[in-house]
2 protein chains.
Amino acid sequence: MARRAGYDRDEVLARAQALFWRKGYHTTSLKDLEAALNMRPGSIYAAFGSKEALFAETLHIYARRSREQLRQARVAKASPLAGLAAYVRALGCIQADAVPSRACMLVKTLLETPDDDTVLRRLTEEIMEGMEAEFATAFRAAQTAGELPDGTDPERLACRLQAEIFGLRAYAQRSDAQDKVARLAEDIARDIERLADR
Amino acid sequence: MARRAGYDRDEVLARAQALFWRKGYHTTSLKDLEAALNMRPGSIYAAFGSKEALFAETLHIYARRSREQLRQARVAKASPLAGLAAYVRALGCIQADAVPSRACMLVKTLLETPDDDTVLRRLTEEIMEGMEAEFATAFRAAQTAGELPDGTDPERLACRLQAEIFGLRAYAQRSDAQDKVARLAEDIARDIERLADR
DNA sequence: CGAACACTTGATCGATCACTCAAGAAAGGA
DNA sequence: TCCTTTCTTGAGTGATCGATCAAGTGTTCG
(Lines give C-alpha, C1' and ligand atoms only; values in the text may rest on other atoms or scores of the structure.)
Protein backbone atom coordinates (compact mmCIF):
# COMPACT_ATOMS: atom_id res chain seq x y z
CA MET A 1 0.00 0.00 0.00
CA ALA A 2 1.06 3.55 -0.75
CA ARG A 3 3.43 5.24 -3.12
CA ARG A 4 7.04 4.18 -3.66
CA ALA A 5 9.88 6.65 -3.76
CA GLY A 6 10.65 7.90 -7.25
CA TYR A 7 14.40 7.60 -6.79
CA ASP A 8 17.01 5.03 -5.87
CA ARG A 9 18.38 5.93 -2.46
CA ASP A 10 21.87 4.59 -3.10
CA GLU A 11 22.12 6.36 -6.41
CA VAL A 12 21.00 9.63 -4.85
CA LEU A 13 23.53 9.20 -2.05
CA ALA A 14 26.28 8.55 -4.58
CA ARG A 15 25.41 11.75 -6.41
CA ALA A 16 25.31 13.73 -3.18
CA GLN A 17 28.65 12.28 -2.17
CA ALA A 18 30.26 13.28 -5.45
CA LEU A 19 28.96 16.81 -5.07
CA PHE A 20 30.03 17.18 -1.44
CA TRP A 21 33.41 15.62 -2.13
CA ARG A 22 34.05 18.06 -4.94
CA LYS A 23 32.67 21.25 -3.43
CA GLY A 24 32.95 20.66 0.29
CA TYR A 25 30.20 20.92 2.87
CA HIS A 26 29.73 24.65 3.34
CA THR A 27 30.17 25.56 -0.30
CA THR A 28 27.45 23.14 -1.39
CA SER A 29 24.03 24.75 -1.17
CA LEU A 30 20.64 23.13 -1.15
CA LYS A 31 20.08 24.54 -4.61
CA ASP A 32 23.14 22.61 -5.76
CA LEU A 33 21.81 19.45 -4.16
CA GLU A 34 18.35 19.93 -5.66
CA ALA A 35 19.91 20.14 -9.11
CA ALA A 36 22.35 17.25 -8.64
CA LEU A 37 19.84 14.90 -7.03
CA ASN A 38 16.91 16.06 -9.15
CA MET A 39 14.88 16.30 -5.95
CA ARG A 40 12.93 19.11 -4.34
CA PRO A 41 13.73 20.29 -0.81
CA GLY A 42 10.76 18.51 0.74
CA SER A 43 11.90 15.15 -0.62
CA ILE A 44 15.48 15.72 0.43
CA TYR A 45 14.48 16.53 3.99
CA ALA A 46 11.98 13.67 4.12
CA ALA A 47 14.69 11.27 3.01
CA PHE A 48 17.71 12.50 4.95
CA GLY A 49 16.55 14.89 7.68
CA SER A 50 19.02 17.69 7.14
CA LYS A 51 21.92 18.82 5.01
CA GLU A 52 24.28 17.82 7.79
CA ALA A 53 22.79 14.34 8.15
CA LEU A 54 22.99 13.82 4.40
CA PHE A 55 26.61 14.88 4.43
CA ALA A 56 27.32 12.49 7.30
CA GLU A 57 25.88 9.63 5.24
CA THR A 58 28.12 10.51 2.32
CA LEU A 59 31.11 10.57 4.65
CA HIS A 60 30.28 7.04 5.76
CA ILE A 61 30.16 5.97 2.13
CA TYR A 62 33.56 7.51 1.59
CA ALA A 63 34.94 5.71 4.63
CA ARG A 64 33.56 2.36 3.50
CA ARG A 65 35.04 2.75 0.04
CA SER A 66 38.42 3.80 1.41
CA ARG A 67 38.61 0.75 3.64
CA GLU A 68 37.52 -1.42 0.74
CA GLN A 69 40.28 -0.05 -1.50
CA LEU A 70 42.87 -0.70 1.18
CA ARG A 71 41.58 -4.23 1.65
CA GLN A 72 41.75 -4.89 -2.08
CA ALA A 73 45.31 -3.65 -2.33
CA ARG A 74 46.31 -5.84 0.58
CA VAL A 75 44.80 -9.09 -0.71
CA ALA A 76 46.27 -8.45 -4.17
CA LYS A 77 49.79 -8.51 -2.78
CA ALA A 78 51.64 -11.29 -1.06
CA SER A 79 53.20 -9.22 1.72
CA PRO A 80 51.65 -6.56 3.98
CA LEU A 81 54.19 -3.90 3.06
CA ALA A 82 53.68 -4.56 -0.65
CA GLY A 83 49.93 -4.16 -0.08
CA LEU A 84 50.35 -0.78 1.58
CA ALA A 85 52.72 0.34 -1.16
CA ALA A 86 50.20 -0.73 -3.79
CA TYR A 87 47.48 1.24 -2.01
CA VAL A 88 49.61 4.39 -2.11
CA ARG A 89 50.52 3.88 -5.76
CA ALA A 90 46.85 3.47 -6.61
CA LEU A 91 46.10 6.80 -4.92
CA GLY A 92 48.77 8.43 -7.05
CA CYS A 93 47.39 7.01 -10.29
CA ILE A 94 43.84 8.33 -9.89
CA GLN A 95 43.06 10.57 -12.84
CA ALA A 96 41.58 13.96 -12.03
CA ASP A 97 38.57 13.39 -14.30
CA ALA A 98 37.79 9.99 -12.80
CA VAL A 99 36.95 11.33 -9.37
CA PRO A 100 35.07 14.33 -7.91
CA SER A 101 38.26 15.62 -6.29
CA ARG A 102 41.79 14.27 -6.01
CA ALA A 103 41.90 15.56 -2.45
CA CYS A 104 40.74 13.42 0.45
CA MET A 105 37.16 14.13 1.47
CA LEU A 106 38.06 13.52 5.11
CA VAL A 107 40.84 16.10 5.11
CA LYS A 108 38.66 18.60 3.29
CA THR A 109 36.01 18.14 5.97
CA LEU A 110 38.51 18.24 8.81
CA LEU A 111 39.93 21.54 7.59
CA GLU A 112 36.62 23.26 6.97
CA THR A 113 35.05 22.15 10.25
CA PRO A 114 35.29 24.38 13.34
CA ASP A 115 37.45 23.15 16.22
CA ASP A 116 34.66 23.21 18.75
CA ASP A 117 32.79 19.99 18.77
CA THR A 118 30.41 19.61 15.88
CA VAL A 119 28.90 16.37 14.70
CA LEU A 120 30.86 16.43 11.45
CA ARG A 121 34.19 17.14 13.05
CA ARG A 122 33.85 14.29 15.47
CA LEU A 123 32.65 11.90 12.77
CA THR A 124 35.56 12.83 10.53
CA GLU A 125 38.09 12.22 13.26
CA GLU A 126 36.51 8.89 14.13
CA ILE A 127 36.80 7.73 10.54
CA MET A 128 40.40 8.91 10.37
CA GLU A 129 41.15 7.03 13.55
CA GLY A 130 39.61 3.92 11.99
CA MET A 131 41.72 4.20 8.85
CA GLU A 132 44.85 4.73 10.88
CA ALA A 133 44.00 1.62 12.86
CA GLU A 134 43.75 -0.30 9.57
CA PHE A 135 47.22 0.88 8.64
CA ALA A 136 48.48 -0.16 12.05
CA THR A 137 47.00 -3.63 11.58
CA ALA A 138 48.82 -3.95 8.27
CA PHE A 139 52.10 -2.86 9.80
CA ARG A 140 51.62 -5.32 12.65
CA ALA A 141 51.06 -8.04 10.08
CA ALA A 142 54.28 -6.97 8.39
CA GLN A 143 56.06 -7.25 11.69
CA THR A 144 54.66 -10.71 12.32
CA ALA A 145 55.74 -11.72 8.82
CA GLY A 146 59.25 -10.58 9.63
CA GLU A 147 59.15 -7.70 7.18
CA LEU A 148 59.91 -5.08 9.78
CA PRO A 149 62.99 -4.86 12.00
CA ASP A 150 62.39 -5.35 15.71
CA GLY A 151 61.91 -2.13 17.59
CA THR A 152 59.80 -0.45 14.94
CA ASP A 153 56.45 0.77 16.20
CA PRO A 154 53.47 -0.15 13.96
CA GLU A 155 51.29 2.59 15.43
CA ARG A 156 53.97 5.14 14.73
CA LEU A 157 54.33 3.97 11.14
CA ALA A 158 50.54 4.07 10.74
CA CYS A 159 50.43 7.66 11.93
CA ARG A 160 53.22 8.57 9.54
CA LEU A 161 51.55 6.82 6.62
CA GLN A 162 48.25 8.57 7.24
CA ALA A 163 50.00 11.93 7.32
CA GLU A 164 51.82 11.07 4.08
CA ILE A 165 48.53 10.21 2.41
CA PHE A 166 46.94 13.40 3.70
CA GLY A 167 49.84 15.29 2.17
CA LEU A 168 49.82 13.38 -1.10
CA ARG A 169 46.15 14.03 -1.66
CA ALA A 170 46.25 17.65 -0.58
CA TYR A 171 49.10 18.14 -3.00
CA ALA A 172 47.04 16.40 -5.67
CA GLN A 173 44.44 19.16 -5.36
CA ARG A 174 46.93 21.63 -6.83
CA SER A 175 45.90 22.18 -10.42
CA ASP A 176 49.42 23.30 -11.32
CA ALA A 177 51.13 20.11 -10.20
CA GLN A 178 49.08 17.22 -11.57
CA ASP A 179 52.05 15.59 -13.26
CA LYS A 180 54.05 15.34 -10.05
CA VAL A 181 51.46 13.36 -8.09
CA ALA A 182 52.18 9.88 -9.42
CA ARG A 183 55.91 10.44 -8.90
CA LEU A 184 55.21 11.58 -5.36
CA ALA A 185 53.12 8.48 -4.65
CA GLU A 186 55.92 6.36 -6.05
CA ASP A 187 58.41 7.95 -3.66
CA ILE A 188 56.13 7.28 -0.70
CA ALA A 189 55.51 3.70 -1.80
CA ARG A 190 59.23 3.06 -2.18
CA ASP A 191 59.84 4.32 1.34
CA ILE A 192 57.26 1.86 2.64
CA GLU A 193 58.95 -1.00 0.81
CA ARG A 194 62.35 0.14 2.06
CA LEU A 195 61.20 -0.31 5.64
CA ALA A 196 61.93 -4.01 5.08
CA ASP A 197 65.68 -3.58 4.65
CA ARG A 198 66.64 -1.48 7.60
CA MET B 1 44.33 68.11 6.34
CA ALA B 2 41.59 65.69 7.24
CA ARG B 3 40.97 62.89 9.65
CA ARG B 4 43.38 60.02 10.29
CA ALA B 5 42.25 56.42 10.39
CA GLY B 6 41.35 55.27 13.87
CA TYR B 7 43.11 51.93 13.54
CA ASP B 8 46.51 50.53 12.76
CA ARG B 9 46.33 48.82 9.40
CA ASP B 10 48.93 46.16 10.15
CA GLU B 11 47.33 45.31 13.44
CA VAL B 12 43.92 45.00 11.81
CA LEU B 13 45.39 42.78 9.09
CA ALA B 14 47.00 40.58 11.72
CA ARG B 15 43.67 40.14 13.47
CA ALA B 16 41.90 39.37 10.20
CA GLN B 17 44.59 36.86 9.32
CA ALA B 18 44.20 35.06 12.63
CA LEU B 19 40.45 34.84 12.14
CA PHE B 20 40.65 33.63 8.54
CA TRP B 21 43.39 31.15 9.37
CA ARG B 22 41.31 29.68 12.16
CA LYS B 23 37.89 29.64 10.53
CA GLY B 24 38.65 29.54 6.83
CA TYR B 25 37.42 31.90 4.16
CA HIS B 26 33.82 30.85 3.59
CA THR B 27 33.03 30.16 7.22
CA THR B 28 34.14 33.62 8.28
CA SER B 29 31.33 36.12 7.94
CA LEU B 30 31.48 39.87 7.85
CA LYS B 31 29.85 39.91 11.26
CA ASP B 32 32.81 37.87 12.53
CA LEU B 33 35.23 40.32 10.95
CA GLU B 34 33.39 43.35 12.35
CA ALA B 35 33.71 41.90 15.83
CA ALA B 36 37.35 40.80 15.48
CA LEU B 37 38.55 44.02 13.85
CA ASN B 38 36.27 46.30 15.85
CA MET B 39 35.33 48.00 12.59
CA ARG B 40 32.03 48.64 10.88
CA PRO B 41 31.36 47.31 7.35
CA GLY B 42 31.86 50.71 5.75
CA SER B 43 35.35 51.06 7.20
CA ILE B 44 36.29 47.52 6.25
CA TYR B 45 35.25 48.05 2.65
CA ALA B 46 36.88 51.47 2.49
CA ALA B 47 40.13 49.96 3.72
CA PHE B 48 40.25 46.65 1.86
CA GLY B 49 37.70 46.71 -0.95
CA SER B 50 36.10 43.34 -0.40
CA LYS B 51 36.15 40.27 1.80
CA GLU B 52 38.09 38.45 -0.89
CA ALA B 53 40.71 41.20 -1.23
CA LEU B 54 41.14 41.31 2.54
CA PHE B 55 41.60 37.55 2.61
CA ALA B 56 44.17 37.78 -0.19
CA GLU B 57 46.15 40.29 1.87
CA THR B 58 46.14 37.96 4.85
CA LEU B 59 47.34 35.12 2.62
CA HIS B 60 50.28 37.25 1.57
CA ILE B 61 51.11 37.88 5.21
CA TYR B 62 51.01 34.14 5.84
CA ALA B 63 53.31 33.51 2.88
CA ARG B 64 55.79 36.12 4.03
CA ARG B 65 55.92 34.71 7.53
CA SER B 66 56.33 31.15 6.25
CA ARG B 67 59.28 32.12 4.10
CA GLU B 68 60.74 34.03 7.01
CA GLN B 69 60.49 31.01 9.31
CA LEU B 70 62.20 28.83 6.75
CA ARG B 71 64.96 31.38 6.30
CA GLN B 72 65.52 31.59 10.06
CA ALA B 73 65.74 27.83 10.40
CA ARG B 74 68.26 27.71 7.57
CA VAL B 75 70.60 30.39 8.90
CA ALA B 76 70.48 28.89 12.38
CA LYS B 77 71.97 25.64 11.12
CA ALA B 78 75.30 24.98 9.54
CA SER B 79 74.13 22.67 6.78
CA PRO B 80 71.15 23.01 4.39
CA LEU B 81 69.66 19.64 5.36
CA ALA B 82 69.93 20.46 9.05
CA GLY B 83 68.12 23.72 8.34
CA LEU B 84 65.24 21.96 6.62
CA ALA B 85 65.04 19.41 9.41
CA ALA B 86 64.94 22.20 11.97
CA TYR B 87 62.13 23.89 10.05
CA VAL B 88 60.06 20.69 10.16
CA ARG B 89 60.76 20.14 13.85
CA ALA B 90 59.67 23.69 14.58
CA LEU B 91 56.38 23.03 12.80
CA GLY B 92 55.84 19.98 14.98
CA CYS B 93 56.50 21.88 18.19
CA ILE B 94 53.91 24.61 17.63
CA GLN B 95 51.45 24.53 20.50
CA ALA B 96 47.79 24.53 19.56
CA ASP B 97 47.03 27.57 21.73
CA ALA B 98 49.92 29.60 20.30
CA VAL B 99 48.49 29.76 16.81
CA PRO B 100 45.04 30.29 15.23
CA SER B 101 45.17 26.81 13.69
CA ARG B 102 47.79 24.09 13.56
CA ALA B 103 46.76 23.40 9.98
CA CYS B 104 48.38 25.24 7.09
CA MET B 105 46.35 28.22 5.94
CA LEU B 106 47.38 27.56 2.35
CA VAL B 107 46.11 23.98 2.38
CA LYS B 108 42.89 25.05 4.07
CA THR B 109 42.37 27.60 1.31
CA LEU B 110 43.36 25.19 -1.45
CA LEU B 111 40.85 22.62 -0.25
CA GLU B 112 37.95 24.99 0.22
CA THR B 113 38.44 26.80 -3.09
CA PRO B 114 36.60 25.63 -6.22
CA ASP B 115 38.67 24.07 -8.99
CA ASP B 116 37.60 26.55 -11.61
CA ASP B 117 39.85 29.53 -11.59
CA THR B 118 39.14 31.94 -8.81
CA VAL B 119 41.49 34.63 -7.61
CA LEU B 120 42.09 32.89 -4.30
CA ARG B 121 42.80 29.51 -5.81
CA ARG B 122 45.38 30.90 -8.17
CA LEU B 123 47.01 32.99 -5.46
CA THR B 124 47.22 29.99 -3.14
CA GLU B 125 48.87 27.85 -5.78
CA GLU B 126 51.34 30.60 -6.62
CA ILE B 127 52.39 30.86 -3.00
CA MET B 128 52.72 27.10 -2.73
CA GLU B 129 54.86 27.08 -5.84
CA GLY B 130 57.06 29.75 -4.26
CA MET B 131 57.52 27.78 -1.05
CA GLU B 132 58.34 24.64 -2.99
CA ALA B 133 60.93 26.61 -4.93
CA GLU B 134 62.49 27.67 -1.61
CA PHE B 135 62.72 24.03 -0.58
CA ALA B 136 64.31 23.20 -3.93
CA THR B 137 66.89 25.94 -3.43
CA ALA B 138 67.77 24.47 -0.06
CA PHE B 139 68.13 20.99 -1.49
CA ARG B 140 70.30 22.33 -4.31
CA ALA B 141 72.48 23.98 -1.70
CA ALA B 142 72.71 20.64 0.07
CA GLN B 143 73.77 19.01 -3.15
CA THR B 144 76.43 21.65 -3.75
CA ALA B 145 77.66 21.13 -0.20
CA GLY B 146 78.02 17.44 -0.91
CA GLU B 147 75.24 16.45 1.49
CA LEU B 148 73.22 14.67 -1.16
CA PRO B 149 74.29 11.71 -3.27
CA ASP B 150 74.67 12.36 -6.99
CA GLY B 151 71.57 11.52 -8.98
CA THR B 152 69.12 12.85 -6.42
CA ASP B 153 66.71 15.42 -7.81
CA PRO B 154 66.32 18.58 -5.65
CA GLU B 155 62.98 19.46 -7.26
CA ARG B 156 61.67 16.02 -6.53
CA LEU B 157 62.77 16.23 -2.91
CA ALA B 158 61.18 19.67 -2.64
CA CYS B 159 57.87 18.34 -3.91
CA ARG B 160 58.04 15.47 -1.46
CA LEU B 161 58.89 17.76 1.45
CA GLN B 162 56.01 20.09 0.69
CA ALA B 163 53.61 17.15 0.58
CA GLU B 164 54.99 15.90 3.90
CA ILE B 165 54.45 19.30 5.47
CA PHE B 166 50.94 19.47 4.06
CA GLY B 167 50.30 16.09 5.65
CA LEU B 168 51.91 16.94 8.96
CA ARG B 169 49.86 20.08 9.37
CA ALA B 170 46.61 18.54 8.21
CA TYR B 171 47.20 15.78 10.72
CA ALA B 172 47.89 18.41 13.36
CA GLN B 173 44.36 19.70 12.90
CA ARG B 174 43.01 16.48 14.40
CA SER B 175 41.97 17.29 17.93
CA ASP B 176 42.30 13.63 18.92
CA ALA B 177 45.93 13.31 17.95
CA GLN B 178 47.73 16.35 19.31
CA ASP B 179 50.35 14.30 21.13
CA LYS B 180 51.47 12.49 17.99
CA VAL B 181 52.35 15.59 15.99
CA ALA B 182 55.77 16.33 17.43
CA ARG B 183 56.75 12.68 17.02
CA LEU B 184 55.55 12.79 13.44
CA ALA B 185 57.60 15.91 12.73
CA GLU B 186 60.60 14.20 14.28
CA ASP B 187 60.20 11.23 11.93
CA ILE B 188 60.02 13.52 8.91
CA ALA B 189 63.03 15.54 10.08
CA ARG B 190 65.07 12.36 10.58
CA ASP B 191 64.26 11.23 7.06
CA ILE B 192 65.55 14.53 5.74
CA GLU B 193 68.78 14.15 7.67
CA ARG B 194 69.12 10.55 6.53
CA LEU B 195 69.19 11.71 2.93
CA ALA B 196 72.85 12.50 3.60
CA ASP B 197 73.92 8.89 4.14
CA ARG B 198 72.47 7.13 1.14
C1' DC C 1 -14.52 3.02 -7.02
C1' DG C 2 -12.83 5.50 -3.04
C1' DA C 3 -10.44 5.64 1.33
C1' DA C 4 -5.76 5.35 3.30
C1' DC C 5 -1.21 6.07 2.89
C1' DA C 6 3.45 7.65 1.14
C1' DC C 7 5.96 10.56 -1.42
C1' DT C 8 6.64 14.99 -4.25
C1' DT C 9 6.04 19.63 -5.10
C1' DG C 10 7.18 24.50 -4.72
C1' DA C 11 5.91 28.59 -2.45
C1' DT C 12 7.48 30.43 1.58
C1' DC C 13 9.77 31.08 6.16
C1' DG C 14 13.06 33.93 9.08
C1' DA C 15 17.96 34.33 9.23
C1' DT C 16 22.01 35.55 7.41
C1' DC C 17 25.00 36.57 3.50
C1' DA C 18 28.32 40.19 1.31
C1' DC C 19 27.94 44.78 0.47
C1' DT C 20 26.37 50.00 -0.08
C1' DC C 21 25.69 54.70 1.00
C1' DA C 22 23.88 58.84 3.07
C1' DA C 23 24.80 61.15 7.11
C1' DG C 24 27.74 62.27 11.00
C1' DA C 25 32.24 62.97 13.32
C1' DA C 26 37.06 64.32 13.64
C1' DA C 27 41.15 66.76 12.17
C1' DG C 28 44.05 70.31 9.40
C1' DG C 29 44.32 74.70 6.87
C1' DA C 30 42.83 79.40 6.11
C1' DT D 1 36.01 80.13 13.43
C1' DC D 2 34.53 77.68 9.52
C1' DC D 3 35.43 75.15 5.43
C1' DT D 4 37.40 71.08 3.37
C1' DT D 5 38.75 66.60 3.47
C1' DT D 6 38.76 61.97 5.15
C1' DC D 7 37.14 58.40 7.91
C1' DT D 8 33.36 56.13 10.60
C1' DT D 9 28.86 54.78 11.40
C1' DG D 10 24.93 51.62 11.03
C1' DA D 11 20.62 51.11 8.87
C1' DG D 12 19.37 49.06 4.83
C1' DT D 13 20.10 46.59 -0.03
C1' DG D 14 18.74 42.35 -2.65
C1' DA D 15 20.23 37.76 -2.73
C1' DT D 16 20.68 33.44 -0.88
C1' DC D 17 20.97 30.42 3.04
C1' DG D 18 18.89 25.92 5.26
C1' DA D 19 14.51 24.39 6.36
C1' DT D 20 9.23 23.90 6.56
C1' DC D 21 4.62 22.53 5.28
C1' DA D 22 0.10 22.56 3.14
C1' DA D 23 -1.46 20.95 -1.04
C1' DG D 24 -1.07 17.78 -4.80
C1' DT D 25 0.03 13.23 -6.93
C1' DG D 26 0.62 8.42 -7.31
C1' DT D 27 -0.13 3.63 -5.51
C1' DT D 28 -2.31 -0.09 -3.08
C1' DC D 29 -6.00 -2.37 -0.79
C1' DG D 30 -10.79 -3.17 0.62
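A, B, ... follow the sequence lines: proteins, then strands. Residue 1 opens every chain. The structure presented is a predicted model; accordingly, all values stated were derived computationally and were not measured.
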>> I want to confirm an ordering. Mapping B:Arg4 and B:Gly49 to their closest nucleotides on DNA chain C, which one lands closer to the 5' end?
In response: B:Gly49
>> Run the side-chain contact (heavy atoms from CB on, under 4.5 Å) test against B:Lys31 and tell me which residues pass, sequence neighbours left out.
In response: B:Ser29
>> Could you go through B:Thr124 and B:Met105, starting from their C-alpha distance and side-chain angles, then the distance that decides it, and tell me whether this counts as side-chain contact (heavy atoms from CB on, under 4.5 Å)?
In response: CA-CA 9 Å; B:Thr124 304; B:Met105 188 177 177; over 6 Å; no
>> Holding to side-chain contact (heavy atoms from CB on, under 4.5 Å), I want the full list of residues that pass it with B:Ala142, two or more places apart in sequence or in another chain.
In response: B:Pro80, B:Leu81, B:Glu147, B:Leu148
> Is there any ring pair (Phe, Tyr, Trp, His ring centres under 6.0 Å) pair reaching into residues 26-51 of chain B, and which pairs are they, with sequence neighbours excluded?
Replying inline: none
> Considering residues at least two apart in sequence or located in another chain, which fulfil the side chain to side chain donor-acceptor pair (under 3.5 Å) criterion with A:Gln95?
Replying inline: none
> Heavy-atom contacts under 4.0 Å between residues 24-42 of chain A and DNA chain D, which residues?
Replying inline: A:Thr28, A:Ser29, A:Leu30, A:Lys31, A:Pro41, A:Gly42
>> Enumerate the ring pair (Phe, Tyr, Trp, His ring centres under 6.0 Å) contacts for residues 58-97 of chain B, please, sequence neighbours excluded, ordered by first and then second residue.
In response: B:Trp21-B:Tyr62
>> If you compare every side-chain N and O of B:Tyr45 against the phosphate oxygens of C:dC19 (OP1, OP2), does one of them come in below 4.0 Å?
In response: yes
> Charged N to carboxylate O below 4.0 Å: is that the case for B:Glu68 and B:Arg64?
Replying inline: no
>> Give me each pair satisfying ring pair (Phe, Tyr, Trp, His ring centres under 6.0 Å) with a member in residues 122-169 of chain B, each pair once, sequence neighbours excluded.
In response: none
> In degrees, rounded to 10°, what is the bend between the two ends of the helix from C:dC1-D:dG30 to C:dA30-D:dT1, using five pairs at each?
Replying inline: 20°
> Restricting to pairs with a member in residues 159-176 of chain A, which pass salt bridge (charged side-chain N to carboxylate O under 4.0 Å, His left out), not counting sequence neighbours?
Replying inline: A:Arg160-A:Glu164, A:Arg160-B:Glu164, A:Arg160-B:Asp191, A:Glu164-B:Arg160, A:Arg174-A:Asp176, A:Arg174-B:Glu132
>> I need the NZ-P distance between B:Lys51 and C:dC17, as an integer number of Å.
In response: 9 Å
> By side chain to side chain donor-acceptor pair (under 3.5 Å), which residues pair with B:Ser175, not counting sequence neighbours?
Replying inline: A:Glu125
> Between A:Tyr7 (OH) and C:dT9 (P), how many Å, whole number?
Replying inline: 10 Å
> What nucleic acid atoms does B:Phe48 come within less than 4.0 Å of, heavy atoms only: base, sugar-phosphate, or nothing?
Replying inline: nothing
>> Taking side-chain contact (heavy atoms from CB on, under 4.5 Å) as the definition, give me every residue that meets it alongside B:Leu19, ordered by chain and number, with sequence neighbours left out.
In response: B:Arg22, B:Lys23, B:Thr28, B:Asp32, B:Leu33, B:Ala36
> Expressed in angstrom and rounded to an integer, what is the separation of B:Leu54 atom CG from C:dA18 atom C1'?
Replying inline: 13 Å
Protein and nucleotides 23-26 of chain C: nitrogen or oxygen contacts under 3.5 angstrom:
unit_1 : atom_1 : unit_2 : atom_2 : d
C:dA25 : N3     : B:Arg3 : NH1    : 3.1

